[in-house]
Amino acid sequence: MSGLLAHGMGTEPVAPDWPPLTEAEVEAVLGPVRVLWRSPRPLSAAALVERGGRRLFVKRHHSDVRTLEGLAEEHSFLRYLRERGAPVVEVLGAEARGEWVYEVHTAGTGTDLYRDALSWSPFVSVAHARAAGAALAQLHLAAEGFGAPRRRPQPLVSSFSIFAAVDPEAALEAYAAERPAVVAALAGRPWREDLRAVHLPFHRSLLPHLGRLAPLWTHNDWHASNLLWDPATGTVSTVLDFGLSDRTTAVHDLATAIERNTVQWLDPSRPVRPDDVDALLDGYTSVRPLSPAESAALPELLPLVHAEFALSELGYFHSVTGSRANADLAYRYLVDHTRWFTTDDGRRLLDRVRLRTRRSYESSTSR
């Protein structure tokens with residue numbers, strides 16, 4: 001097990017941030033089990049186990065990353081979704097043991113077709129992109145009415161406050177003030193200059209639409225490897241991993257899905273997958289048509305949607321794992337993902353999203 005490698009910030013496997021789960025420690029939480037598979041995802045340690053003929057999913061966090069109170073926020077959201085009929089896993093419990101915090105879920109139904117894929121790998125088919133879009137819309141409908149406030153400040157949560165504000169520079173200062181690790185990680189970096197040169201031009205286009213976007217608790221990590229699939233129908237059978245969830249907006253979640261599934265960030269020289277963009281949007285709007293404000297906001301939000309998770313990762317790598325190299329990559333993620341949208345490929349993607357959302361809105365209003 002000491003040789004288990006994890007997915008990192010690039011294409012090559014790396015040593016995991018955290019030691020892999022052992023059968024002994026899982027048994028201390030659950031009793032006798034058999035470990036079937038250990039996840040290569042990098043930011044926690046997780047495993048699929050079997051106990052008494054039943055498959056369960058166990059995830060272990062360091063207490064610097066998640067507390068029981070922090071887990072309770074996302075677990076409350078999961079329970080609400082499940083009560084509304086959404087295809088999410090059942091929360092079975094959570095407990096703290098020393099420096100670790102464990103959570104246990106059912107394994108979900110369906111096949112993990114992307115289990116070995118690197119995070120943010122593209123869909124294997126246009127049909128999967130369309131099904132993922134439809135499933136995201138269904139999740140948003142189920143999430144309506146969940147009235148919990150935003151999550152408390154903690155690492156590795158994808159929120160929407162900085163570019164939801166009229167003054168993003170002041171909002172970033174307020175965001176960082178609640179997160180000392182982010183303050184420390186930004187020290188010595190030209191974040192004000194980068195914000196003004198790279199991010200604020202997109203924010204100026206987004207600003208007129210912000211007041212008409214309804215708040216909604218959202219998944220915030222919608223990519224193919226967080227979904228289980230029904231191979232017979234090609235549809236999504238279970239939605240996994242709500243660790244980044246928070247109160248944002250539906251269009252923020254949709255922008256995240258486009259950004260993480262259709263741009264090949266691990267190899268930016270490879271083209272955007274326009275058919276996947278179309279299919280994802282078509283699947284979504286077939287279930288939940290976008291409002292005029294959402295249609296207008298989506299392409300303007302797309303270059304900014306990653307920013308608060310990038311800042312959260314920056315603080316995590318700087319102060320929790322102590323990796324200067326990964327902190328540098330997280331800062332480049334913050335800036336360069338936005339800057340990419342000023343390239344020819346980035347502008348073409350934004351133009352395509354504008355066209356598809358306009359067509360979808362016109363089609364929904366003509367019915």
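Basis for what follows: all heavy atoms, side chains included, without hydrogens, waters or symmetry-related copies.
The shortest side-chain heavy-atom distance between Leu311 and Leu186 falls under the 4.5 Å cut-off. For the pair Trp191 and Leu314, the minimum side-chain heavy-atom distance is 4.5 Å or more. When side chains are defined from C-beta on, Glu294 counts as touching Leu213, because their heavy atoms get closer than 4.5 Å. Residues Leu81 and Arg84 are not in side-chain contact: their nearest non-hydrogen atoms beyond the backbone lie 4.5 Å or more apart. No side-chain heavy atom of Glu27 sits under 4.5 Å from any side-chain heavy atom of Thr22. Contact check for Phe317 versus Tyr331: no side-chain heavy atoms found under the 4.5 Å cut-off. Between Val89 and Phe242 the shortest side-chain heavy-atom distance does not fall below 4.5 Å.
Connection of Ile162 to Val335 is established within a shared hydrophobic cluster, with ILVMFWY side chains joined at heavy-atom distances below 4.5 Å, either directly or through further cluster members. The hydrophobic clustering, which links ILVMFWY residues whose side-chain heavy atoms are closer than 4.5 Å, places Leu302 and Val263 together. Both Phe163 and Phe341 belong to a single network of hydrophobic side chains, linked directly or stepwise wherever heavy atoms of I, L, V, M, F, W or Y lie under 4.5 Å apart. Tyr80 and Leu78 end up in the same hydrophobic cluster when Ile, Leu, Val, Met, Phe, Trp and Tyr side chains are linked at under 4.5 Å. Under the 4.5 Å side-chain heavy-atom criterion for ILVMFWY residues, no single connected hydrophobic cluster contains both Leu298 and Val287.
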Query raised in the report: Please walk me through it: do Arg260 and Asp221 pass side chain to side chain contact (heavy atoms under 4.5 Å, CB included)?
Result: CA-CA 8 Å; Arg260 294 193 177 174; Asp221 198 17; 2.5 Å; yes
Requested in this report: Output, in order, the C-alpha distance, side-chain angles, deciding distance and verdict of side chain to side chain contact (heavy atoms under 4.5 Å, CB included) for Phe160 and Arg150.
Outcome: CA-CA 9 Å; Phe160 183 43; Arg150 286 177 179 166; 5.7 Å; no
Query - Working for salt bridge (charged side-chain N to carboxylate O under 4.0 Å, His left out), residues Arg34 and Glu23 - result: CA-CA 7 Å; Arg34 182 166 63 98; Glu23 284 196 8; over 6 Å; no
Query raised in the report: Going through the checks in order, is the side chain to side chain contact (heavy atoms under 4.5 Å, CB included) test met by Phe202 and Leu206?
Result: CA-CA 6 Å; Phe202 288 106; Leu206 173 65; over 6 Å; no
Requested in this report: Please step through side chain to side chain contact (heavy atoms under 4.5 Å, CB included) for the pair Val104 and Val29, ending with a clear verdict.
Outcome: CA-CA 9 Å; Val104 183; Val29 175; 4.3 Å; yes
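Residues Gly315 and Ala181 share a closest heavy-atom pair of O-CB, 3.7 Å. Heavy atoms only, all atoms of each residue included: Val182 and Ala176 are closest at CG1-CB, 4.1 Å. A pairwise comparison of heavy atoms in Pro299 and Ala296 identifies CD-O, 3.6 Å as the closest pair. Scanning all heavy atoms of the two residues, the minimum distance from Leu240 to His219 falls at O-NE2, 2.8 Å.
Taking CG of Leu71 as the reference point, atom OG of Ser76 lies at 12.5 Å (rounded to 0.5 Å). Here the straight-line distance linking atom CG of Leu301 with atom CG of Leu254 works out to 9.5 Å at 0.5 Å rounding. Atom CG in Leu210 sits 8.5 Å away from atom OG1 in Thr249 (nearest 0.5 Å). Here Glu25 contributes atom CD and Leu30 contributes atom CG; the two are 11.0 Å apart, rounded to the nearest 0.5 Å. Distance check, rounded to the nearest 0.5 Å: CZ of Arg288 to OG of Ser291 gives 7.0 Å.
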If you look only at distance, which donor and acceptor atoms sit under 3.5 Å apart when one is on a side chain in residues 151-159 and the other is two or more places apart or in another chain?
residue : atom : partner : partner atom : Å
Arg151  : NE   : Glu73   : OE1          : 3.1
Arg151  : NH1  : Glu74   : OE1          : 3.3
Arg151  : NH1  : Gly243  : O            : 3.2
Arg151  : NH1  : Ser245  : O            : 3.0
Arg151  : NH2  : Gly70   : O            : 3.0
Arg151  : NH2  : Glu74   : OE1          : 2.8
Arg152  : NE   : Glu73   : OE2          : 2.9
Gln154  : NE2  : Glu73   : OE1          : 2.8
Gln154  : NE2  : Arg152  : O            : 3.0
Ser159  : OG   : Glu308  : OE1          : 2.5

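Residues meeting the side-chain hydrogen bond (donor to acceptor under 3.5 Å, both in side chains) test with Glu169, sequence neighbours left out: Arg192, Arg196. Here Arg324 pairs with Asp328 under the side-chain hydrogen bond (donor to acceptor under 3.5 Å, both in side chains) rule; sequence neighbours left out.
Ion pair Arg130/Asp278 not flagged as a salt bridge, since none of the NZ, NE, NH1 or NH2 atoms sits closer than 4.0 Å to an Asp/Glu carboxylate oxygen. A salt bridge between Lys59 and Asp241 is present, with a side-chain N of the basic residue lying under 4.0 Å from a carboxylate O of the acidic one. A salt bridge is defined here as a Lys NZ or Arg NE, NH1 or NH2 lying under 4.0 Å from an Asp or Glu carboxylate O, and Glu300 with Arg204 fails to meet this definition. The residues Arg347 and Asp344 are annotated as salt-bridged, a charged nitrogen and a carboxylate oxygen being separated by less than 4.0 angstrom. Ionic pairing of Asp276 and Arg273 is present here: one or more N-O contacts between side-chain nitrogen and carboxylate oxygen are shorter than 4.0 angstrom.
Inspection of the Thr235 and Thr233 side chains reveals an N or O donor paired with an N or O acceptor under 3.5 Å. Side-chain atoms of Glu103 and His105 include a donor-acceptor pair closer than 3.5 Å. A donor-acceptor contact closer than 3.5 angstrom links the side chains of Glu259 and His337. Side chains of Thr248 and Asp246: no donor on one and acceptor on the other come within 3.5 Å. With hydrogens and angles left out, the side-chain atoms of Tyr114 and Asn226 include no donor and acceptor closer than 3.5 Å. His199 and Asp194 are not linked by any side-chain donor-acceptor pair at a separation below 3.5 angstrom, with hydrogens and angles left out of the test.
Not less than 6.0 angstrom separates the ring centroid of Trp100 from the ring centroid of His61.
A tilted orientation is assigned to the rings of Phe77 and Trp217, their planes being inclined by 30° to 60°. Taking the six-membered ring where the residue is Trp, Trp229 and His128 present parallel rings, their angle staying beneath 30° rather than reaching 60°.
Figure legend: Arg179 and Tyr175 shown as a cation-pi pair, the cationic atom lying under 6.0 angstrom from the six-membered ring centre and within 45 degrees of its axis.
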